[in-house]
Colleague: 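Okay, handing you the structure first.
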Amino acid sequence: MPVYICPHCKNPIYDDDALLCLYCGESLRRPVGFFGKLRYPRPAVIIAFLALIILLSFMALVIF
Ligand SMILES: [Zn+2]
């Protein structure tokens with residue numbers, strides 16, 4: 001079970017689903033929404049995938 005350290009008070013948060021710090025009440029800046037729910041693909045993977053598509057489309061433009 002991953003332990004999340006609060007960025008404000010440095011206390012460990014053991015509840016993986018907690019959105020607010022149990023100690024200081026500050027919002028835990030963890031990824032939420034589409035990418036947070038998926039946890040994969042990561043942003044780096046998406047950027048590499050987009051770069052590959054752009055490269056392929058550019059090559060197709062040159063060839064045809
Ligand atoms: Zn805190």
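The first residue of the sequence shown is numbered 1, and numbering continues consecutively from there. Order of listing sets the numbers, starting from 1, for every ligand and every atom in it.
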Colleague: How long is the gap from CG on L22 to CG on N11, to the nearest 0.5 Å?
Modeller: 9.0 Å

Colleague: What is the total of protein N/O/S atoms that are closer to the Zn ion (ligand 1) than 2.8 Å?
Modeller: 4

Colleague: So if you build clusters from Ile, Leu, Val, Met, Phe, Trp, Tyr with side-chain heavy-atom gaps below 4.5 Å, do L20 and Y4 land together?
Modeller: no

Colleague: Show the numbers, then the answer: is there a side-chain contact (heavy atoms from CB on, under 4.5 Å) between Y23 and I13?
Modeller: CA-CA 9 Å; Y23 303 97; I13 311 297; 3.9 Å; yes

Colleague: Which pairs would a plain distance check flag for residues 56-64, meaning a side-chain donor or acceptor within less than 3.5 Å of a matching protein atom at least two apart in sequence or in another chain?
Modeller:
residue : atom : partner : partner atom : Å
S57     : OG   : I53     : O            : 3.2
S57     : OG   : I54     : O            : 2.8

Colleague: Distance check, rounded to the nearest 0.5 Å: S27 atom OG versus H8 atom NE2?
Modeller: 7.0 Å

Colleague: Could you tell me the separation between the SG atom of C6 and the CD atom of E26, rounded to the nearest 0.5 Å?
Modeller: 7.0 Å

